[in-house]
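To start, the structure itself, in structure tokens.
Quick caveat: nothing in here was measured; it's all calculated off a predicted structure.
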Amino acid sequence: MTVDPRAALDRLIAALEAHYTAVAAPHGEDDPAVDDAYDILADAFEVYDDALGTVHGEATPFYLAEEDDGEDDDDEDEDDEDYDDADVDDLADEASR
């Protein structure tokens, strides 16, 4: 079944607005409303991106990161420790040249 890209875009916009509303509302650290809005937004994006590809042969310039199972968390922490503020300043200086 092919989804109409316009209808998928409308759903994506509504999901963006609902996500913003959930995030902007006062909530606790692990608010299920924010989690639900996130999931709905991710699904709406995938449907829209697929509809664009199917109907128009185009894609958005975005992608959804794969969910991490947590096994590589230690490696990422080690990488962060090796990358300090001086490195960031050096990269900024190089980019401005």
Side-chain angles (χ1 to χ4, degrees):
M1 173 178 83
T2 302
V3 175
D4 173 38
R6 182 66 224 189
L9 176 60
D10 292 341
R11 180 177 174 227
L12 176 59
I13 291 168
L16 283 164
E17 290 174 352
H19 182 265
Y20 176 78
T21 299
V23 170
H27 59 279
E29 194 169 310
D30 291 324
D31 186 355
V34 173
D35 292 340
D36 291 345
Y38 176 95
D39 292 337
I40 291 168
L41 176 56
D43 183 59
F45 168 75
E46 287 183 348
V47 170
Y48 174 65
D49 200 49
D50 289 345
L52 279 181
T54 301
V55 174
H56 299 294
E58 296 291 335
T60 62
F62 313 110
Y63 70 95
L64 295 178
E66 295 295 320
E67 287 192 32
D68 188 11
D69 59 8
E71 290 181 17
D72 296 335
D73 287 346
D74 292 336
D75 293 338
E76 290 175 17
D77 292 342
E78 290 172 10
D79 291 343
D80 291 343
E81 291 170 6
D82 294 337
Y83 201 69
D84 60 17
D85 290 338
D87 294 330
V88 172
D89 293 339
D90 291 343
L91 289 173
D93 289 342
E94 288 177 20
S96 65
R97 292 182 193 157

Any side-chain to backbone donor/acceptor pair from Asp49 onto Thr60? Under 3.5 Å, distance only.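 Pair found, side chain donor or acceptor close to backbone of Thr60.
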Is it the case that the side chain of His27 and the backbone of Ala25 share a donor-acceptor pair, with hydrogens and angles ignored and the cut-off at 3.5 Å?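 Side chain of His27 to backbone of Ala25: a pair is present.
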Cluster overlap Tyr38 with Leu64, hydrophobic side-chain contacts below 4.5 Å: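 No, separate clusters.
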Tyr20 with Ile40, same ILVMFWY side-chain cluster at under 4.5 Å: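 No.
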For Ala15 versus Leu41, what's the shortest heavy-atom pair and its separation?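 For Ala15 versus Leu41, the nearest heavy atoms are CB-CA, 3.8 Å.
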Return the minimal non-hydrogen interatomic distance between Ala37 and Ala18, and the atom names on each side.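 Here Ala37 and Ala18 meet closest at CB-O, 4.2 Å.
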Supply the atom-to-atom distance Tyr48 OH to Leu12 CG, rounded to the nearest 0.5 angstrom.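 Interatomic distance, Tyr48 OH to Leu12 CG, rounded to 0.5 Å: 7.5 Å.
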Find the distance between CG (Asp4) and OG1 (Thr54) and round it off to the nearest 0.5 Å.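 With rounding to 0.5 Å, CG (Asp4) is 12.0 Å from OG1 (Thr54).
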A side-chain contact here means heavy atoms from C-beta on lying under 4.5 Å apart; do Asp50 and Val3 qualify?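 Sidechains of Val3 and Asp50: no contact.
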Can you find a pair of side-chain heavy atoms, one from Arg11 and one from Asp43, that are under 4.5 Å apart?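 Yes, at least one pair of side-chain atoms sits under 4.5 Å.
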If the plane angle is over 60° it's perpendicular, under 30° parallel, otherwise tilted; pick one for Phe45 and Phe62.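 Because their plane-to-plane angle is over 60°, the rings of Phe45 and Phe62 count as perpendicular.
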